[in-house]
Amino acid sequence: MNKNMGNIVCKFGGTSMADEKSVEQVAKIVKANPARRYIVVSAPGKTKDCQKVTDVLIECYGEIQRTGTCNETFPEIIRRYRLLNCGISSERFNNLMSDIKLQMEKSRNYDFCISRGEYLSAYFFAEKIGYPFIDAAELVCFNRFGGFDAMRTDKCCRQRLKEVKRAVIPGFYGQDETGAIVAFSRGGSDISGSIIAQAVNADLYENWTDVDGILSADPRIVPQARVIEKMTYSELRELAYLGASVMHSDALQPLIKAKIPLNVRNTFHPEKAGTLICSLVKDSNKQAVTGIAGKKDVRILFIHKLGLNAQKSVVRKVLSILEYHDVIFEHMPSSLDAVNFLIPYSSMSSELAEKIIEEIKAEIHPDNIKVLDNFAIVSIVGRNMYQRMGVAAKMLTALSENRINIRLLIQGCREINIIAGVDESRYEDSIKALYQAFLGDSSGS
């Protein structure tokens, strides 16, 4: 399929760029298909004997802050890139590394320092495969307050790449109006790749990593979980929301907007097709459930107030309090007299929960309010669920037959997922039970 695509953007993660052998493999993949024209790379990842280059660069920054130089830590950066053996002369290599070190020490800028891993990866890989190198600072735009500027970035990318037929581009960073380097959060090379794909109107975006594709369940819980061959972006977003993703969540938006298919593949097993994600999947597979996912460390903020549904301002006041404290809730099931907010531990600590409870009591005078801990949610996700009768019944049966108490049940608004709340102690059992019920055999009905 890919060989018929005219314009493919590829992103290679840190494991793909980690050592000489993996870089050689990446070069083979790129050269195997002339349609692979724009290559976005990460900094070298962790190996058996080496830590991630980005982590070393963070140490370099710390040393610069303490002493003004990175004389002790930067030699490890030199060693890592020399091991990649990308084919440039020793003189050019040494001059480039000296320049990078001096720039880091002069800038004393955290984002600049940690971005040099991607910069060097792209520079050396471009030399290796004979593609032009284009600095991400020319393409990705941030505003002076650190926010990503999507519109200006798209314009810059389209203008700069208009006459460029092939290029290697660093992921992870860009620059603001002042020329200062600004980095995305860790994993941001995924975002860079999807931005480039949108700008060049790619026919396909390939995300190359160290797994064979997106799995139908967490392999740490379900070792026999299979790779999902095809899925929609809606399904991926639902699964990614619960942590079942190999990509940065923000990377999906440009691809969805431009309707560009995404192919998640394994650098070390390029013969495998991976997972293809599209806006709309047309196939004969009417399997009800595509994947199983979930998360632990969820607490419930339970509020009961008689006649709550008839008092229009009650929920709004609660939401205002949560917003003020920067609390993110993931679901909000409600009834006539009560409402639950499902909140990750990371968004609301126990201390903050006590403070929020007091503020809610003062604001709406509930009949009862409490926080329930040791809670988890599990979900079945599938684009064909709405066409099948008995899916919810099968889910409930699978859990009840394993003596798992269902604390709450939520049907997703788009009818592609059903979420059950369970005791955290039964989380893994719940995932296993649902996998066995829906995906444990070839029928998957």
Side-chain angles (χ1 to χ4, degrees), residues 143 145-150 185 233-245 248-253 256-257 293-381 392 405-424 427:
N143 61 48
F145 303 106
F148 171 61
D149 190 330
S185 60
Y233 275 114
S234 295
E235 290 173 298
L236 179 60
R237 281 183 58 79
E238 292 293 342
L239 291 171
Y241 186 69
L242 294 168
S245 177
H248 196 294
S249 58
D250 291 342
L252 300 180
Q253 296 180 20
I256 295 170
K257 182 178 179 181
K295 64 169 58 176
K296 297 191 287 187
D297 298 330
V298 176
R299 52 179 31 123
I300 295 179
L301 174 61
F302 169 80
I303 302 171
H304 177 269
K305 182 176 176 65
L306 193 64
L308 179 145
N309 69 306
Q311 300 177 46
K312 298 177 182 179
S313 65
V314 169
V315 173
R316 175 181 58 79
K317 291 177 179 178
V318 175
L319 290 173
S320 295
I321 293 170
L322 295 178
E323 180 185 15
Y324 177 80
H325 290 285
D326 200 27
V327 171
I328 298 172
F329 69 91
E330 299 189 341
H331 301 282
M332 190 182 71
S334 63
S335 62
L336 289 177
D337 300 321
V339 61
N340 287 327
F341 293 90
L342 275 64
I343 301 171
Y345 282 15
S346 58
S347 186
M348 186 176 73
S349 65
S350 298
E351 294 77 12
L352 179 57
E354 293 178 5
K355 184 175 183 180
I356 287 173
I357 285 175
E358 292 306 312
E359 292 183 14
I360 293 174
K361 285 180 178 179
E363 188 68 31
I364 68 168
H365 308 291
D367 298 318
N368 188 14
I369 181 171
K370 57 186 175 181
V371 170
L372 306 175
D373 287 335
N374 303 316
F375 198 78
I377 54 177
V378 293
S379 177
I380 55 173
V381 177
N405 186 29
I406 301 167
R407 306 281 298 278
L408 62 82
L409 195 67
I410 306 169
Q411 167 76 60
C413 297
R414 301 184 67 181
E415 297 186 87
I416 65 169
N417 69 317
I418 302 175
I419 298 166
V422 300
D423 293 327
E424 189 172 79
Y427 171 74

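Values below: all heavy atoms of this structure, side chains included; hydrogens, waters and symmetry mates excluded.
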Kindly state each residue pair satisfying salt bridge (Lys or Arg N to Asp or Glu O under 4.0 Å) with at least one member in residues 368-380, sequence neighbours excluded.
Arg299-Asp373
d(Asp149 CG, Asn143 CG) to nearest 0.5 Å is 6.5 Å
Taking the side chain as every heavy atom from C-beta outward, state whether Ile303 and Ile364 have any pair of such atoms under 4.5 Å apart.
yes
Sort and list the pairs that fulfil ring pair (Phe, Tyr, Trp, His ring centres under 6.0 Å) and have at least one residue in residues 326-363, not counting sequence neighbours.
Phe329-Phe341
Should Leu308 and Ser335 count as side-chain neighbours, where that means a heavy-atom distance under 4.5 Å?
no
What I'd like to find out is whether the side chain of Ile256 reaches to under 4.5 Å of the side chain of Arg237, using heavy atoms alone.
yes
With rounding to the nearest 0.5 angstrom, report the CD1 to CD1 distance, Ile321 to Ile360.
5.0 Å
Quick one: salt bridge (Lys or Arg N to Asp or Glu O under 4.0 Å) pairs with a partner in residues 337-362, sequence neighbours left out?
Glu358-Lys361
Check the surroundings of atom CG in Leu319: do more than 12 heavy atoms from other residues, nucleotides or ligands lie under 6.0 Å from it?
yes
Start with the C-alpha gap between Leu372 and Arg407, add the side-chain angles, then the distance that decides, and say whether side chain to side chain contact (heavy atoms under 4.5 Å, CB included) holds.
CA-CA 11 Å; Leu372 306 175; Arg407 306 281 298 278; 4.1 Å; yes
Results of side chain to side chain donor-acceptor pair (under 3.5 Å) for Asn374 - residues two or more places apart only
none
Validation row: Leu301, Val339 side chains within 4.5 angstrom (heavy atoms)
no
For the CD1 atom of Ile343 and the CE atom of Met332, what is their distance to the nearest 0.5 Å?
11.5 Å
Within this structure, what is the CG-CD1 distance for the pair Leu352 and Ile357, rounded to the nearest 0.5 Å?
10.0 Å
Under the criterion side chain to side chain contact (heavy atoms under 4.5 Å, CB included), I'd like the reasoning laid out for Val371 against Ile356: C-alpha separation, chi angles, the key distance, then a yes or no.
CA-CA 10 Å; Val371 170; Ile356 287 173; over 6 Å; no
Sequence neighbours excluded, every pair satisfying ring pair (Phe, Tyr, Trp, His ring centres under 6.0 Å) that has a member inside residues 301-320
none
What is the minimum heavy-atom distance between Leu306 and Gln311, and which atoms define it?
O-NE2, 3.3 Å
Within this structure, what is the NZ-CD distance for the pair Lys257 and Gln253, rounded to the nearest 0.5 Å?
9.5 Å
Looking at every non-hydrogen atom in both residues, tell me the closest pair between Lys317 and Glu363 and how far apart they are.
CD-OE2, 3.5 Å
Output all residues satisfying side chain to side chain contact (heavy atoms under 4.5 Å, CB included) with Glu330, sequence neighbours left out; order by chain, then residue number.
Tyr241, Lys295, Pro344, Ile377
Do the non-hydrogen side-chain atoms of Asp297 and Glu424 ever get within less than 4.5 Å of each other?
yes
Closest contact, heavy atoms only, Gln411 versus Asn417:
NE2-O, 3.3 Å
Would you name the heavy atoms of Phe375 and Gly421 that are closest together and state the gap between them?
CZ-CA, 3.5 Å
